[in-house]
Amino acid sequence: MKHAFAWLTALALAFPQISIAEGQNMTQDQQDVLNAIQTMTRNFQENNIPAVMESYESKATVLFEPGSPVSEAAQLEQMFAGMATLSPVFDYAGHEVIVNDDIAIHIAPWDMTGRTPDGQEIAQSGLSIAVLRKQADGSWKMVIDNPHGGRLLP
């Protein structure tokens, strides 16, 4: 056990900027990834579906339902537009951003409230896990977006 602790300590010291939670000193790439997620969320809450779609690479995959990936752009746009009719409001309990060269992962627990078209209040929660890739222009776009990443937890 002593050796495992020493190894983990050495690893943590060797890679101090790989995984940093929000509120700690983030690298510019980590902050840019977080900004990309926050911009997408804001655009979704404002029902700006064209801007939401710009947050994703052209062949991105989103899991609107656990175990059901969607990758076709027109279907993604239709799903986002349908969900936007709920007037969703998202609240994240925190953010963790891990960057390795031009690939990043964003992990965040979330709560969402909204209303159905007939006025019924709804509430959902989950664990968002998103994989992003740095673009040639320096921006970050999502490649895989799984807002139901916590479904496998007991």
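Computed from a predicted structure; not experimentally measured.
- W110 places a side-chain N or O within donor-acceptor distance of the main-chain N or O of P147, the cut-off being under 3.5 Å.
- Residues meeting the side chain to side chain donor-acceptor pair (under 3.5 Å) test with Q31, sequence neighbours left out: N35.
- With hydrogens and angles ignored, the 3.5 Å screen pairs no side-chain donor or acceptor of T39 with any backbone N or O of A36.
- Residues V97 and M26 form a side-chain contact, since some pair of their non-hydrogen atoms from C-beta on lies under 4.5 Å apart.
- Taken from CG in N43 to CE in M40, the straight-line distance is 8.5 Å, to the nearest 0.5 Å.
- How far CZ of R151 is from CG of L127: 12.5 Å, rounded to the nearest 0.5 Å.
- Atom OG of S128 and atom CD1 of I107 lie 9.0 Å apart (nearest 0.5 Å).
- When the side chains of ILVMFWY residues are joined at heavy-atom separations under 4.5 Å, either directly or via intervening members, F90 and I122 end up in a single hydrophobic cluster.
- Every residue was checked against the side chain to side chain donor-acceptor pair (under 3.5 Å) condition with N146, not counting sequence neighbours, and none meets it.
- For the pair M79/V62, no side-chain contact is recorded, criterion being any heavy-atom separation below 4.5 Å from C-beta on.
- Taking the ring-ring contact (aromatic ring centres under 6.0 Å, His included) definition, one finds that F64 meets it with F80, sequence neighbours left out.
- Scanning for side chain to side chain donor-acceptor pair (under 3.5 Å) contacts around S87 gives an empty result, with sequence neighbours left out.
- Proximity of V89 to M112: side-chain heavy atoms (C-beta onward) are nowhere separated by under 4.5 Å.
- Taking 4.5 Å as the limit, every side-chain heavy atom of Y92 sits out of range of all side-chain heavy atoms of Q38.
- Shown here for A84 and N47, the closest heavy-atom pair between the two residues is CB-OD1, 3.1 Å.
- Separating the CD1 atom in I49 from the CD atom in E54 is a distance of 12.5 Å, to the nearest 0.5 Å.
- Distance alone, capped at 3.5 Å, is enough to place a donor-acceptor pair between the Q135 side chain and the R133 backbone.
- A heavy-atom distance below 4.5 Å is not found between the side chains of L63 and D145.
- A108 and H95 make their closest contact through CB-ND1, 3.9 Å (heavy atoms, listed as atom of the first residue, atom of the second, distance).
- Within 6.0 Å of atom CD in Q78, 12 or fewer heavy atoms from other residues, nucleotides or ligands are found, so the atom counts as exposed in its surroundings.
- Looking at T27 and D29, their side chains never bring a donor and an acceptor atom within 3.5 Å of each other.
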Is there a side-chain contact (heavy atoms from CB on, under 4.5 Å) between V52 and E77 once you walk through the steps?
CA-CA 8 Å; V52 168; E77 190 169 352; over 6 Å; no

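- Rounded to the nearest 0.5 Å, atoms CE (M53) and CG (N48) are 12.0 Å apart.
- With sequence neighbours left out, the side chain to side chain donor-acceptor pair (under 3.5 Å) criterion links S125 to no other residue.
- Residues L34 and H106 meet the side-chain proximity criterion, which asks for heavy atoms closer than 4.5 Å.
- A pairwise comparison of heavy atoms in D101 and V99 identifies O-CG1, 3.8 Å as the closest pair.
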Which is it for R115 and Q120 under the side-chain contact (heavy atoms from CB on, under 4.5 Å) test, yes or no, and what are the steps along the way?
CA-CA 5 Å; R115 289 190 180 276; Q120 181 182 357; over 6 Å; no

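- To the nearest 0.5 Å, the span separating OG on S71 from CD on E57 amounts to 12.0 Å.
- Looking at heavy atoms from C-beta onward, K141 lies out of side-chain contact with Y56 at the 4.5 angstrom threshold.
- Listed by chain and number, the hydrophobic cluster partners of V131 are I103, V143, I144, where partners are ILVMFWY side chains within reach of under 4.5 Å, directly or through others.
- Contact of the Q30 side chain with the V33 side chain is not registered, since no non-hydrogen atoms from C-beta on lie closer than 4.5 Å.
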